[in-house]
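Working notes, beginning with the structure itself.
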Amino acid sequence: MAQEKIEGAPMPYRPYGAEIKETRPYSPCRAACPAHTDVQAYVGLIAQGRYHEAFEVITAPNPIASVCSMICHHPCEQSCRRCTIDEPLAVRHLKRFAIEKSLDYRRARRRLVQKTKGKSVGIIGSGPSGLTAARDLADFGYSVSIYERHPVLGGMLASAIPPYRLPREMLKEDIDDVIAKGIEVKTNCEIGKDVKIDELAKQHDAVLIAIGLSLSRSLPIPGVDGPGVLLAIPFLEDVAFGRKPCVGKKVLVIGGGNVAMDVARTARRLGVKDVSMVCLESAEEMPAWKWEVDEALEESIKINHRWGPKAVRREGDKVKGLEVVKVKAVFDASGRFNPSFDNDQTSLIEADTIIITIGQMSDVSFLKDSAVSLDERGRVKWDPATQMSSAKGVFVSGEVVTGPGSAIAAVANGHRAALAIHLYCQGEAIEGKLPAQEKEKIEQMPPEVVEKIAKEPRLEIKHLAPEVRCDSMVHFEIGYDEEEALKEAGRCRGCGGGAVVDQKKCMACLTCMRICPYGAPVVTSVSEIRPEYCQACGLCAPECPAEAISMVSYDVREIRRTLPQTVGRIEPNRQEPVIAAFMCTHHVGVLGFDLPKNVRTIPVHCTSRIDVLDLLKAIEAGADAVAVVRCGDGTCKYRDVARRVDARVKRGQELLKMLGFDPGRIEILSAASGNGGNPYAAVCANFSERIKQMGLRGTK
């Protein structure tokens with residue numbers, strides 16, 4: 001169901017087909033993203049070399065896109081329909097590539113937003129949720145002030161995520177995008193100490209509490225208090241702000257989550273050679289992401305599974321180790337977290353520094369004696385339907401109320417809070433107008449479709465060697481270069497961007513049903529194309545005699561409209577022919593865009609989308625010739641494309657001949673990728689020579 005349009009809501013950049021996508025099931029990758037980033041759209045744009053447009057799609061729902069390109073747990077990849085074929089698309093790395101390619105563009109597009117609403121909002125906290133709400137509210141036209149207790153913006157992104165995972169320059173680019181809109185920033189400002197929340201409520205028309213989980217939990221065990229026992233968040237904050245924490249030669253981290261991984265791997269980068277972990281869970285039960293665990297093991301961090309902390313053992317003030325007890329089970333019969341122990345099995349894990357990473361909580365001490373109520377467990381009372389606390393005009397968002405989660409989930413909650421605040425400030429009702437998180441998604445590919453798709457391995461990201469990366473806080477992932485990114489983007493199956501039928505035009509002629517290699521159309525009185533079957537190849541659209549089929553991901557007539565601009569002005573005294581080249585981006589990679597200047601490139605996801613009229617329009621626009629440059633034999637990502645394209649080109653040649661032109665001015669070119677040099681440039685150059693022999697149009 002399409003989201004209700006809110007009056008005055010800012011309209012972000014929307015790729016082609018955005019409106020229809022809201023009425024249809026989402027691609028699984030988009031549905032899995034808490035912010036519902038249109039993955040299919042931006043990956044398709046990357047494949048065509050349209051990096052700035054991809055950047056717009058990426059950042060429209062996500063103001064911390066650079067951050068997410070580094071640290072996101074990428075639920076989109078885990079939902080990718082390629083998982084049933086071979087391996088998921090490397091979505092996070094493609095996002096990073098597009099963002100890095102758009103650095104100058106993003107800086108140039110920053111603009112001050114006019115404050116048109118005459119009202120102001122104060123935001124406490126500048127983490128993912130606070131930054132998202134700040135950006136949205138500025139776009140709505142409000143004056144926005146951010147209050148941050150740390151010396152820099154970013155919340156836990158800046159104060160707790162280690163630089164080896166999140167380079168600070170990437171975070172800064174995201175923050176600069178937001179504050180460039182004219183947002184007032186007050187750092188080193190602690191609410192409750194420097195200013196009271198009730199004072200903020202009087203200064204602003206609305207206040208948002210987005211403070212996250214900034215306190216570490218400790219353990220109620222003997223010996224825990226005293227030197228040599230640290231808490232995770234203060235430890236990470238010391239590292240983030242250049243205050244080197246005092247650690248010994250043998251560090252033991254208690255916990256098995258992602259924060260525990262950050263702490264252990266950070267300790268290694270502080271020069272500690274002997275770092276180990278102890279957790280309640282087995283290797284299969286650990287809450288940390290598997291890739292984090294694998295990377296920690298590569299860095300010689302030892303993990304002691306199925307042991308629970310019993311007591312910190314000391315000699316005087318010095319820590320000697322942690323006494324642990326064997327874990328029988330982490331969860332009870334109903335699946336709830338309820339560890340049980342075998343008290344007859346204990347052991348001592350030696351360490352001189354112990355760091356506790358068993359959970360986090362919010363620091364809500366500043367709410368004491370304020371109008372904002374807390375529940376019996378000390379948590380902020382709020383209404384999820386309105387994002388409002390018990391105090392009128394004071395809203396809450398992010399992990400302070402949702403509990404531990406991902407940065408992108410906090411972004412999604414920040415969007416909800418901003419919209420709630422906007423509605424409140426305009427005197428409108430909030431309930432029922434905030435977007436639902438769950439979205440209907442396209443079903444998994446049927447087995448008979450999976451069998452028809454060629455396996456294509458994922459391009460893995462290279463890492464710095466463990467012995468190199470553990471010597472500094474330098475980011476350890478080496479991103480894709482252009483050729484790698486384009487090749488990986490070509491693996492996308494375009495889920496959600498496929499064919500749709502205008503049933504008012506459909507004549508039920510069965511053409512689409514005969515043509516589709518994947519069995520997507522079902523024809524009764526009209527045709528219906530099933531999205532779980534459709535592979536978005538576009539083979540059917542040019543063949544439909546009623547022009548009833550369109551594509552969600554692109555305008556089937558866009559090429560015809562834009563060809564005059566693509567071909568450009570034709571110089572009458574030119575020495576080289578002007579070639580309009582339809583370039584298949586799959587397998588072409590970076591080579592497809594590095595062509596002679598006389599070749600006007602028209603990137604397409606597959607030559608299956610090219611119509612006979614597209615070929616003729618290029619000639620009409622003044623091109624001397626048209627090349628259809630497709631993948632080498634057997635390398636096309638779609639089935640049964642070649643013979644259909646051959647037939648269209650042959651028809652184009654026949655029509656060209658009827659118009660008095662040499663039919664050889666339209667030709668199919670092909671080159672196998674990976675045979676050295678630039679085979680696509682070579683075949684285009686050879687074609688140019690043949691056209692020169694025919695003669696250039698309009699020249700003497």
Side-chain angles (χ1 to χ4, degrees), residues 73 156 159-162 211-239 245 247 250-268 275-290 292-293 296 301-314 319 321-332 335-343 346-364 377-379 399-400 402-406:
H73 67 298
M156 298 293 281
S159 63
I161 297 183
I211 57 173
L213 305 172
S214 59
L215 297 179
S216 284
R217 297 184 184 277
S218 188
L219 283 166
I221 58 175
V224 75
D225 296 320
V229 177
L230 308 177
L231 296 178
I233 300 305
F235 169 80
L236 292 171
E237 284 186 356
D238 282 346
V239 173
V247 293
K250 190 175 289 189
V251 172
L252 175 64
V253 178
I254 302 176
N258 292 308
V259 175
M261 291 297 158
D262 284 348
V263 168
R265 298 177 69 187
T266 298
R268 282 284 287 119
V275 178
S276 59
M277 302 174 65
V278 60
C279 61
L280 303 172
E281 300 87 0
S282 66
E284 295 73 28
E285 295 168 327
M286 284 183 73
W289 304 119
K290 182 182 183 302
E292 286 263 29
V293 177
I301 294 169
K302 180 184 177 183
I303 304 176
N304 299 282
H305 293 286
R306 285 281 179 141
W307 291 98
K310 185 175 182 181
V312 175
R313 293 301 176 202
R314 296 178 178 271
V319 170
L322 180 72
E323 185 179 355
V324 292
V325 59
K326 193 65 177 175
V327 174
K328 292 195 293 187
V330 179
F331 305 98
D332 61 21
R336 292 177 301 181
F337 180 78
N338 187 18
S340 58
F341 302 95
D342 181 354
N343 291 314
T346 62
S347 183
L348 181 71
I349 303 175
E350 293 184 356
D352 55 19
T353 305
I354 294 173
I355 308 177
I356 301 172
T357 67
I358 61 161
Q360 297 159 240
M361 56 186 177
S362 295
D363 182 358
V364 293
R377 295 178 61 183
R379 300 173 302 184
E399 291 183 334
V400 63
T402 64
S406 63

**Request:** Measure the spacing between NZ of Lys290 and CD of Glu284 and express it to the nearest 0.5 Å.
**Result:** 10.5 Å

**Message:** Using the salt bridge (Lys or Arg N to Asp or Glu O under 4.0 Å) criterion, which residues pair with Asp363? Sequence neighbours excluded.
**Reply:** none

**Request:** Using a 4.5 Å cut-off on heavy atoms from C-beta on, say whether the side chain of Glu285 contacts that of His305.
**Result:** no

**Asked** Is there any salt bridge (Lys or Arg N to Asp or Glu O under 4.0 Å) pair reaching into residues 350-362, and which pairs are they, with sequence neighbours excluded?
**Response** Lys250-Glu350

**Item:** Considering all heavy atoms, the nearest Ile354-Gly321 contact
**Value:** CD1-O, 3.9 Å

**Message:** Would you call the rings of His73 and Trp289 parallel, tilted or perpendicular, taking 30° and 60° as the class edges?
**Reply:** parallel

**Asked** Shortest non-hydrogen contact from Leu280 to Gly308?
**Response** CD2-CA, 3.5 Å

**Message:** Closer than 3.5 angstrom, by distance alone: can the side chain of Thr346 be matched with the main-chain N or O of Val324 as a donor-acceptor pair?
**Reply:** no

**Prompt:** Is any side-chain heavy atom of Val364 less than 4.5 Å from a side-chain heavy atom of Ile211?
**Reply:** yes

**Rounded distance (nearest 0.5 Å) linking atom OG1 of Thr266 with atom CD1 of Ile355** = 8.5 Å

**Set of side-chain hydrogen bond (donor to acceptor under 3.5 Å, both in side chains) partners for Glu292, sequence neighbours left out** = Arg165, Arg265

**Item:** Cys279 vs Ile303, side chain to side chain contact (heavy atoms under 4.5 Å, CB included): CA-CA, chis, key distance, verdict
**Value:** CA-CA 8 Å; Cys279 61; Ile303 304 176; 4.2 Å; yes

**Request:** State whether the side chain of Ser214 and the backbone N or O of Ser362 hold a donor-acceptor pair below 3.5 Å, judged by distance alone.
**Result:** no

**Request:** Calculate, to the nearest 0.5 Å, the distance between atoms OG and CD1 belonging to Ser218 and Ile358 respectively.
**Result:** 6.5 Å

**Prompt:** When you measure from the side chain of Asn343 to the backbone N and O of Val325, does any donor-acceptor pair fall under 3.5 Å?
**Reply:** no

**Item:** Lys328 side chain reached by Phe341 side chain, heavy atoms, under 4.5 Å
**Value:** no

**Atom pair CG (Leu215) and CD1 (Ile233), whose distance is rounded to the nearest 0.5 Å** = 8.5 Å

**Item:** Asn304 side chain vs Met277 backbone, donor-acceptor pair below 3.5 Å
**Value:** yes

**Message:** Can you confirm whether Lys302 is buried at NZ, in the sense that more than 12 heavy atoms of other residues, nucleotides or ligands lie under 6.0 Å from that atom?
**Reply:** no

**Fill in**
Note: Val251 and Ala267 closest approach over all heavy atoms is CG1-CB, 4.3 Å

**Item:** Val278 vs Pro309 side-chain heavy atoms within contact, under 4.5 Å
**Value:** no

**Asked** Under the side chain to side chain contact (heavy atoms under 4.5 Å, CB included) criterion, do Glu399 and Met156 qualify, and how do the steps go?
**Response** CA-CA 11 Å; Glu399 291 183 334; Met156 298 293 281; 5.8 Å; no

**Asked** Which heavy-atom pair separates Met261 from Ala296 by the least distance, and what is that distance?
**Response** SD-CB, 3.8 Å

**Asked** Can you list the residues that meet the salt bridge (Lys or Arg N to Asp or Glu O under 4.0 Å) rule with Asp238, with sequence neighbours excluded?
**Response** Arg243

**Message:** I need the Asn258 CG to Met286 CE distance, nearest 0.5 Å.
**Reply:** 8.5 Å

**Asked** Roughly how far, to the nearest 0.5 Å, is CG of Leu230 from OG1 of Thr357?
**Response** 11.5 Å

**Asked** Are any non-hydrogen side-chain atoms of Pro227 and Arg314 less than 4.5 angstrom apart?
**Response** yes

**Request:** Check whether any side-chain heavy atom of Ile221 lies under 4.5 Å from a side-chain heavy atom of Leu322, and answer yes or no.
**Result:** yes

**Prompt:** Is Pro287 close to Glu281 at the side-chain level, that is, under 4.5 Å between some pair of heavy atoms?
**Reply:** yes

**Message:** Can you list everything that forms a side-chain hydrogen bond (donor to acceptor under 3.5 Å, both in side chains) with Arg313? Sequence neighbours excluded, please.
**Reply:** Glu323

**Request:** Find out whether Phe235 and Val247 are in side-chain contact, i.e. whether some heavy atom of one side chain is under 4.5 Å from a heavy atom of the other.
**Result:** yes

**Fill in**
Scanning both residues in full, the closest heavy-atom pair of Ala351 with Leu252 reads CB-CB, 3.6 Å

**Item:** Contacts of Arg336 that satisfy side-chain hydrogen bond (donor to acceptor under 3.5 Å, both in side chains) - sequence neighbours left out
**Value:** Asp332, Ser334

**Message:** Can you give me the closest heavy-atom contact between Ser276 and Ile301, atom names plus distance?
**Reply:** CA-CG2, 4.5 Å

